[in-house]
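Note that ligands are numbered from 1 as they come in the structure, with each ligand's atoms numbered from 1 the same way.
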Amino acid sequence: MLNYLDICPEVKDAIDNDRPVVALESTIISHGMSYPENVESAKRCEEEIRQAGGTPATIAIIGGRMKVGLTDEELNYFGKTGLSILKASRRDIPMILAKKLDGATTVATTMMIAELAGIKVFATGGIGGVHRNAQTTFDISADLMELAQTNVAVVCAGAKSILDIGLTLEYLETHGVPVIGYQTDDFPAFYTRTSGFSVDYNGESAKVIAEAIKVKEHLKLVGGMVIANPIPEEYALEESYINKVIDEAVADAEAKGIRGKEITPFILSAILDITEGKSLYANKQLVYNNARVATMIAKELCHMS
Ligand code: PSU
Ligand code: MN
């Protein structure tokens, strides 16, 4: 296994000495934003984690190696190469590694690689989920299966309403994945602080969330955890406005017959186009906020046995 995994010295040192480490994904860099904004925002995420007292570990696949912690050069390469890097979900790993290709890790593969490296907390924007009309398309993100089997806590701003949020929460319940709100009773919908659905539990502090992660570990309960951290009020978008934009983007994908792994990136970029940057600003701010909360949780975890 270690033969495919490169953990950068700074991250390795932090893991070995039980200092807080937070994983970050790379699909958001190569498929979620364009260059050079994607690199700037990836660096700012790392900076937020450092300032909060943690070590960032951006995860990606480069030349068939699973990288945990990227150099500035690697991050730049990833941002510049952008969309021509393969979006790598769990099923893509064997061929990408065998062919020594590059891969942008989704929530699913970032969790998988974080677990291999011994990292317990991961910050991202939004998780994938059950798509609208999954009854007929069967389109359910591999992120959810990963949450069912991989022991990493994912701090996110909920899920975008490009998905069927109700069905996504049902799926997580079936698979025994705890869904915890960070200082909220509502499950957030990425751009907005509420979605009309509740979370199972309100985690009032990073400490109580870290305690829940520890309990899970002690009892050997397999699987991840969703920590839903709402976008800060000042950056939230107006609900009726963004919902209309999302409906339009989903309809566009349907009309063009977009399928499979292309759907999520297509809809995300359609939203960016329609909102002319407004959604991008909110997106960045909520990821920084998730990076800060993830670091607080990772710090608490380090103090527990
Ligand atoms: N949802 C977002 N932003 C994202 C993604 C999803 O709001 O950037 C990305 C993440 O990397 C996520 C992936 O893991 O898309 C899910 O893709 P799919 O639906 O094809 O599983
Ligand atoms: Mn899908």
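One N or O on the side chain of T105 and one on the backbone of I59 form a donor-acceptor pair closer than 3.5 Å. In this structure, the side chain of S195 engages the main chain of F197 through a donor-acceptor pair within 3.5 Å. No donor-acceptor distance shorter than 3.5 angstrom exists from the side chain of E204 to the backbone of Q183, with no hydrogens or angles considered.
For ligand 1, the protein residues within 4.0 angstrom (heavy atoms only) are E25, T27, K87, T106, V107, G126, H131, S141, D143, K160, F190, T264, L268.
In this structure, a donor-acceptor pair under 3.5 Å is absent between the side chains of Y235 and N289.
Both tests pass for K278 against the ring of Y241: distance under 6.0 Å to the centre and angle within 45° of the axis.
Shown are the protein N/O/S atoms under 2.8 Å from the Mn ion (ligand 2), given by residue and atom: D139 OD1.
Residue pairs satisfying the ring pair (Phe, Tyr, Trp, His ring centres under 6.0 Å) criterion with at least one member in residues 144-184, sequence neighbours excluded, are listed as follows: Y171-H175.
Note that the CD atom of E48 and the CZ atom of R292 stand 4.5 Å from one another [nearest 0.5 Å].
Scanning all heavy atoms of the two residues, the minimum distance from R193 to P232 falls at NH1-CA, 3.9 Å.
Clustering of Ile, Leu, Val, Met, Phe, Trp and Tyr by side-chain heavy atoms under 4.5 Å joins L221 with V215, L219.
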